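To keep things clear, I will list the structure first and then write my remarks on it.
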Amino acid sequence: MGSTATTITRFPFSLPPLKSYPRPHNHHHFKVSILTPTITPTLRLQAMGAGDMLGEFGARDPFPAEIESGFAEKVLGNVNTEHKILIPTVSALSLSQQECTPISPLQDPMSKDDAQKLLKKVLGWRLLDEEGGLKLQCLWKLRDFKCGVELVNRIYKATESCGHFPNVHLEQPNQVRAELWTASLGGLSLNDFIVAAKIDEIKTSDLVPKKRVWA
């Protein structure tokens with residue numbers, strides 16, 4: 001009976017260790033070993049802000065600019081992709097989330113075309129074109145005079161921190177009129193629309209006349 005030759009092949013690299021899984025609880029005794037890869041994906045997050053400490057980020061919907069860039073198609077399957085989280089700029093925030101800024105007397109008042117575009121972002125306000133310049137005006141019909149006083153107080157609280165205040169008129173018997181403009185410019189500025197948007201967020205459902213319901 002002849003002898004059997006054994007060939008040993010040596011590889012120029014070492015294989016990762018084998019993982020042993022526990023023996024299953026049945027009548028068959030076997031052992032399973034699986035080769036595990038050693039590649040560890042890395043993910044780097046960089047916040048694009050003003051250099052401040054922004055802390056941890058939670059899940060959010062992508063911004064329109066991110067969707068247009070097709071960022072999702074570029075990162076799928078790439079383990080070493082550097083992901084950049086875009087912090088929304090002031091222009092991306094709603095008017096009510098913005099803060100009023102100091103106005104220079106050398107600044108020009110807002111044009112009528114620009115004012116009409118911003119008018120679409122505030123509710124219930126109309127544009128007045130008077131000799132002294134453009135103004136914003138809003139009227140509220142309330143249940144009674146007491147509700148008018150309450151609305152005036154709410155308007156004051158909503159605009160107290162802005163440093164830019166509307167002219168508010170409590171008119172008999174149950175109407176409140178608010179007007180906004182920037183006197184130093186003789187017209188409108190972005191501050192007027194910011195304040196108007198903050199006033200829009202005031203709750204008034206408990207102050208207006210109740211609708212009649214017919215049986």
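What you see is a predicted model, and the numbers here were worked out from it, not measured in a lab.
Nearest heavy-atom pair across A197 and V122 is N-CG1, 3.9 Å. Closest approach of L95 to K121, counting heavy atoms only: CD1-CB, 3.8 Å. What you find for G187 and P109 is that their closest heavy atoms are CA-CB, 4.1 Å. Shortest non-hydrogen contact noted between W181 and L188 is CA-CD2, 3.9 Å. Considering every non-hydrogen atom in both L185 and Q107, the closest pair reads CD2-O, 3.0 Å. In terms of heavy-atom proximity, L142 sits nearest to G148 at CD1-CA, 3.2 Å.
Atom NZ of K210 sits about 10.5 Å away from atom OG of S205, to the nearest 0.5 Å. Of the inter-residue distances, the one linking Q137 atom CD with R177 atom CZ reads 6.0 Å to the nearest 0.5 angstrom. Atom OG of residue S189 and atom CG of residue D114 lie 12.5 Å apart, to the nearest 0.5 angstrom. For the atom pair CG (L180) and NZ (K135), the distance works out to 10.5 Å, reported to the nearest 0.5 Å. One finds the CD atom of E179 at 9.5 Å from the CG atom of L136 (value rounded to the nearest 0.5 Å).
Side-chain atoms of W125 and D200 include a donor-acceptor pair closer than 3.5 Å. Between the side chains of Q97 and S94, at least one donor N or O lies within less than 3.5 Å of an accepting N or O.
A distance-only check finds no donor-acceptor pair linking the side chain of N191 to the backbone of C100 [under 3.5 Å]. The backbone N or O of S184 lies less than 3.5 Å from no partner atom in the side chain of T182, so there is not a single donor-acceptor pair.
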query = How far apart are the C-alpha atoms of Q116 and L127, what are their side-chain angles, what is the distance that settles it, and do they pass the side-chain contact (heavy atoms from CB on, under 4.5 Å) test?
reply = CA-CA 8 Å; Q116 288 176 338; L127 198 62; 3.9 Å; yes

inquiry  = If you apply the rule side-chain contact (heavy atoms from CB on, under 4.5 Å), what do you find for M110 with L118, and how did you get there?
reply    = CA-CA 10 Å; M110 184 178 296; L118 286 175; 3.6 Å; yes

inquiry  = With side-chain contact (heavy atoms from CB on, under 4.5 Å) as the criterion, how do Q175 and L139 come out once you've worked through the C-alpha distance, each side chain's angles and the decisive distance to 0.1 Å?
reply    = CA-CA 7 Å; Q175 179 172 284; L139 298 173; 4.0 Å; yes

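Ring orientation note: the planes of Y156 and F165 are close to parallel, at an angle under 30° on the 30°/60° scale.
Here the side chains of L151 and I202 are in contact, with some heavy-atom distance below 4.5 Å. Residues F145 and L170 form a side-chain contact, since some pair of their non-hydrogen atoms from C-beta on lies under 4.5 Å apart. Proximity of C147 to N174: side-chain heavy atoms (C-beta onward) are nowhere separated by under 4.5 Å. When side chains are defined from C-beta on, L134 counts as touching K112, because their heavy atoms get closer than 4.5 Å. The side-chain heavy atoms of Q98 and L190, taken from C-beta on, include a pair separated by under 4.5 Å. Looking at heavy atoms from C-beta onward, H164 lies out of side-chain contact with I194 at the 4.5 angstrom threshold. Between K198 and C162 the shortest side-chain heavy-atom distance falls below 4.5 Å. Counting only heavy atoms from C-beta outward, the side chains of T159 and I199 approach each other to under 4.5 Å.
Residues V168 and V149 share a hydrophobic cluster, clusters being chains of Ile/Leu/Val/Met/Phe/Trp/Tyr side chains in contact below 4.5 Å.
Salt-bridge annotation for R154 and E150: present, with a side-chain N of the basic residue lying under 4.0 Å from a carboxylate O of the acidic one.
Residues satisfying the salt bridge (charged side-chain N to carboxylate O under 4.0 Å, His left out) criterion with D108, sequence neighbours excluded, are absent altogether.
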